[in-house]
Amino acid sequence: MNAERKVLSGNPVSAGIAYAKAYVYYPQELRVTKSYFPEGEEEKNLKVFHDAFACASKELDGLYESLRREDESKAKIFAAHKEILEDEEILDEIQMAIEEERMNPEFAIEKVFHEFADLLSKVADPLIAGRAADLYDVKNRLIRICQGKEERNLAWLSEDVIVIAHDLFPSDTATMDRTHVKGIVTEIGGANSHSAILARSFRIPAVLGVADAMTEIPDGSLLIMDALSGELVVYPSEEEIQVNEKRKQEFLKKKKEEEQYLDKPAVMKDGTQISIGINVGSAEYDVPEKQYDFVGLFRTEFLYMGNNCLPSEEEQFQAYKKVVERAKGHPVTLRTLDIGGDKTLPYMELPKEENPFLGKRALRLCLSEDALFRTQLRAVLRASVYGPLKVMFPMVGSMEDIYRAKECVERAKESLRAEGIAFDEDIKIGIMIEIPSIALIADLAADEVDFASVGSNDLTQYVSAADRMNPGVTSYYQNYSPAMFRLLGHIFEAFESRGKEVSVCGEMAGNPQAAVALAGLGAKKLSMSAANIAGVKAALAGVSLEEARNIAEHCRQIKTESEIKEFLGI
Ligand code: PEP
Ligand code: MG
């Protein structure tokens, strides 16, 4: 084994240590061409379909059985897929398309399933409309089998693995089998890419930006992954495995020590309290109430990304209501759709752009898609009667953006009033500060909105003109540059002096040392992945506000990011 030992390295973006088998993941492309077969080959093609049907049925039974004991709810999904597979109407239509129209089996499957899914997705009941996604799943299973490809997905794995991929779509990460994925390695993606953010929130160790990982790491090889240092060892020696295990235990011990702070408020040495928020991507989050004071960022795009069509107003309303109810009185900041950049919707064609991060992203897209934005705003407003809910716009670049977004809220309110539907008339409206042009006029913006939250991931990208996804410019993407510290200080001061709330919900807020510096700069509210709460609370408990201020002031004066990081111990 030792002969094949290899050491690779990348960016550790989600702390942890793992040792498992590599699972090289390439998303399957199932292209189906519109094709017909010659007369006389009906039997042969029907057999192809029947064989695929039998194989799909066997796969689904296997999945159901293997999951039944572990995870009843996931097992049920496969039972439902089996019912879809056996649906007589669908089967008849496919067989007819093959026998009578001489459609190639793959094409017949694609066409028939598409027609049924289309019908379902138009039904107003979100539960029924949601079944369209299951139909697509069954269709893909049949087509994959027809094409003779093996199953490859991340949602259902049978053993512990470290996933190796070129890149992961946020939807891959969001649906990942969290019991069996022990680590994530990708060839591209920076510390603040959305896959990194999801990995941290799921507490899955991740090392991104590992050049040629897909070819350098054989599928099935044993792998040590140190997501503290960023080092990977393929086919490690027995001794390395033992050292790794020791490091893992030390890491877990430190985590355990920090956990004593989890259920307590974040209080600094001198008694100053910092309000701790959580960033969530769905209504299903599971964080005990005591651990946080508010939901600082509800990224609603994941609801859209997990669907096969735009979620209806009712579907969104139910999801938003659920988040508010789950927060049990803690205020919830709901961010309107932030799509574009590295986040796309499979069912919505976005304009092809040379620089999507500088293009029609987030609020810009919503402002140009009236119906889409109105649907979301109406759903948010309707949910606002169930608890303290605030609405926040991403990618705001100017006062014009603020005026236009507020007008949209006003129009959504009027339409609800006209229909006699209840909502919170005083719903608080805020902005994300992610673009330098709004950061620089934070004082003017503060007069026009109720609150702001600094999206330091994007703010860094736009301040430093370095793509947050591109590992080739990692050293230019400087979260901790003196420029960032000066700009952040200016933003906090502008909002605080006007008595308006300001928080930080970018990844910086979840870094314990950075959190101390942010508190010193004037931040009173920090929102982060739940996984970071204990570490941040522990770090804040270790300093007084005065000490944090001195640290922050020093960061504003230091000349380079590397010196700041060294000074802060990041
Ligand atoms: C940010 O940009 O800092 C932020 C919180 O938003 P996202 O990471 O979703 O772009
Ligand atoms: Mg952002």
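Side chains included, hydrogens not; waters and symmetry mates left out as well; all remaining heavy atoms used. Both ligands and their constituent atoms are indexed starting at 1 by order of listing.
Both the sub-6.0 Å distance and the 45° axial angle are satisfied by Lys525 relative to the ring of Phe294. Figure legend: cation-pi geometry between Lys321 and Tyr386, with NZ or CZ positioned under 6.0 Å from the six-membered ring centre and within 45° of its axis. Annotation: cation-pi geometry not satisfied between Arg382 and Phe423 (NZ/CZ under 6.0 angstrom from ring centroid, within 45° of ring axis).
The pair Lys428-Glu501 does not meet the salt-bridge criterion, since no charged nitrogen lies less than 4.0 angstrom from a carboxylate oxygen. Under a 4.0 Å N-O distance rule, the pair Asp426/Lys390 does not qualify as a salt bridge. Glu258 has no carboxylate O lying under 4.0 Å from a charged side-chain N of Lys537, or vice versa, which leaves the two without a salt bridge.
In this view, Asn532 satisfies the side chain to side chain donor-acceptor pair (under 3.5 Å) rule with no residue, not counting sequence neighbours. Remark: Tyr26 engages no residue in a ring-ring contact (aromatic ring centres under 6.0 Å, His included) (not counting sequence neighbours).
Protein atoms that are N, O or S and lie under 2.8 Å from the Mg ion (ligand 2) are these: Glu434 OE2, Asp458 OD2.
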Check: How far apart are the C-alpha atoms of Asp458 and Arg468, what are their side-chain angles, what is the distance that settles it, and do they pass the salt bridge (Lys or Arg N to Asp or Glu O under 4.0 Å) test?
Finding: CA-CA 8 Å; Asp458 276 315; Arg468 66 196 263 191; 2.8 Å; yes
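The immediate protein surroundings of ligand 1, defined as residues with any heavy atom under 4.0 Å of it, consist of His194, Ile197, Leu297, Arg299, Arg335, Asp338, Lys343, Arg361, Met432, Glu434, Gly455, Ser456, Asn457, Asp458, Arg468, Cys505, Gly506.
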